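Only one structure is covered here, and it is reproduced in the block below.
None of these values were measured; they are calculated from a predicted model.
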Amino acid sequence: MKIGLFGGSFNPIHNGHIDLAARVRVQFGLDRVLLTVAKDPPHKQLAGNVDAAARLRMAEAALADAEGLEASGLELHREGKSYTVDTVRGLLYLYPDAEIFLMVGEDMLQNLPSWREAETLLSLVTVIATARPGVEGTLEEAAAVLRRRFHAKVFFASFVGQDVSSTMVRQYIAEAKPVSGLIPSEVERIVYENAYYQEETVSAMQEKLRLSLNKKRYEHSIGTMREAITLAHRFGADGKKARLAGLLHDCARFKQELLLLLAERYGLKPDTYEREVPELLHDRLGALLARDEYGIADEEILDAIRCHQLCRENMTLLDKIIYLADKIEPTRDYPGVDALRAIAEKDLDRAVLACMDSVHEHLVREEKHIKPEGETARKAFRKMMEEKENKTN
């Protein structure tokens, strides 16, 4: 049996890791590639304080449907530091007839002579080295050193790895930039729902929100945050503002009795529609709670929360993004949502109007009352779109 050993912190695992493992497996005819999550790598301190069990869980999610690729927690069960030579010994104990192929990047290939028990390690494995963009040095020079000093068997992958790193992913998350093209969707969900790699203030808000909402509503809020970040990047809005508005847009999504109590506390007098359907209060109350309980002082963020349900005339870019993100975030599953997502790929205003019309049609179909403010905003938006189209023509 040919087993590829691809070790790393995977903090988090990204599409470059998966692509590299899959291509090496095919090129060298490996039966399995084990992406082995390091518990406590000796060469660096892990960023983000994400423990090994969580990193393994992300790797397992990423590789669930990947042929011949497996996430391994072999190193998590050992005490102390994680050394590759011990992992190889463990694999050979489990699979005494296996041939082990150690997969390394160009930078690691250069550092291999300094690894724990390098001579023993290189006598037990065949090395497969992969070039990475932006890393100085050459594979040939590093391989020549290993062959000369250790009589190592070293082969080169026939491709260059993707230009993505875990550092880049963490940085993008902290800066409220989308990472959907960098990590698998399920890993993205885990990262955002658990506030991994977020700024401390955002992590604190998420934890508070998690405790105040039910599981489904919290997951929807995280999905809206993710989608808001994507839309902000696509249409040129402030990603950090979109992140907070998306996260907190439903922070007052409570049961009817509590909504009415909060309205009384804030001196809000429910109108006829709100007395019949108290959930209609959650947008205005959400803006107040975001200000008072979550410390949001930015009026643009508060306005976007306040109007994410019924909209308003003269909507800002952030208003549109939060309204749309709420309707098309990844956990949403209703007839027509994929069509709305497709429109949102290209045209924000068209997608917003299509959402407004979809909501209106749903209310009519369900024979529910339509609040005048929402209908006024929809008609105003349609008029704005018609005027813009006339100017274009």
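For the pair Glu219 and Lys215, the salt-bridge criterion is met [side-chain N within less than 4.0 Å of a carboxylate O]. Between Glu257 and Lys255 there is no salt bridge, since none of the side-chain N atoms of the basic residue sits less than 4.0 Å from a carboxylate O of the acidic one. Between Arg332 and Glu227, no side-chain nitrogen of the basic residue sits less than 4.0 Å from a carboxylate oxygen of the acidic one, so the salt-bridge criterion is not met.
Using a 4.5 Å cut-off on side-chain heavy atoms (C-beta onward), Phe28 and Lys2 make no contact. Residues His220 and Asp326 meet the side-chain proximity criterion, which asks for heavy atoms closer than 4.5 Å. For the pair Met205/Ile296, a side-chain contact is recorded, criterion being any heavy-atom separation below 4.5 Å from C-beta on. Proximity of Leu121 to Leu112: side-chain heavy atoms (C-beta onward) are separated by under 4.5 Å at one or more points.
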Query - Chi angles and distances behind the side chain to side chain contact (heavy atoms under 4.5 Å, CB included) call for Asn194, Val50 - result: CA-CA 10 Å; Asn194 291 280; Val50 179; over 6 Å; no
Requested in this report: Check the pair Glu329, Arg226 against side chain to side chain contact (heavy atoms under 4.5 Å, CB included), reporting the backbone distance first and the verdict last.
Outcome: CA-CA 7 Å; Glu329 56 89 7; Arg226 289 169 55 189; over 6 Å; no
Requested in this report: Determine, stepwise, if the pair Lys371 / Glu274 fulfils salt bridge (Lys or Arg N to Asp or Glu O under 4.0 Å).
Outcome: CA-CA 9 Å; Lys371 204 171 184 195; Glu274 292 162 346; 2.7 Å; yes
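Closest approach of Ala252 and Leu289 over heavy atoms only: CB-CD1, 3.7 Å. Shown here for Cys311 and Met356, the closest heavy-atom pair between the two residues is SG-CE, 3.5 Å. Closest approach of Ile173 and Gln198 over heavy atoms only: O-OE1, 3.6 Å. Heavy-atom minimum distance, Ala228 versus Gly246: CB-CA, 4.4 Å. Taking every heavy atom of both residues into account, Ala242 and Ile229 meet most closely at CB-N, 4.5 Å.
When each of Arg382, Lys327, Arg350, Lys379 is paired with Asp357, the salt bridge (charged side-chain N to carboxylate O under 4.0 Å, His left out) condition holds for Arg382 and for no other.
Side-chain atoms of His77 do not come within 3.5 Å of backbone N or O of Leu74 as any donor-acceptor pair.
One finds the CE atom of Met103 at 10.0 Å from the CG atom of Leu34 (value rounded to the nearest 0.5 Å). Atoms CD and CD, on Glu67 and Glu70 in that order, are 11.5 Å from each other to the nearest 0.5 Å. In this structure, the separation between CD1 on Ile343 and SG on Cys355 is 8.5 Å, given to the nearest 0.5 Å.
Residue pairs that meet the ring pair (Phe, Tyr, Trp, His ring centres under 6.0 Å) test with at least one member in residues 270-300, sequence neighbours left out, are His282-His308.
Checking Thr331 against Arg189 by side-chain atom types alone, no donor-acceptor pair falls below 3.5 Å. Side chain to side chain, Ser114 and Asn111 fail the donor-acceptor criterion of an N or O pair below 3.5 Å.
Taking the six-membered ring for Trp and thresholds of 30 and 60 degrees, His17 and His14 have nearly parallel ring planes, at less than 30 degrees apart.
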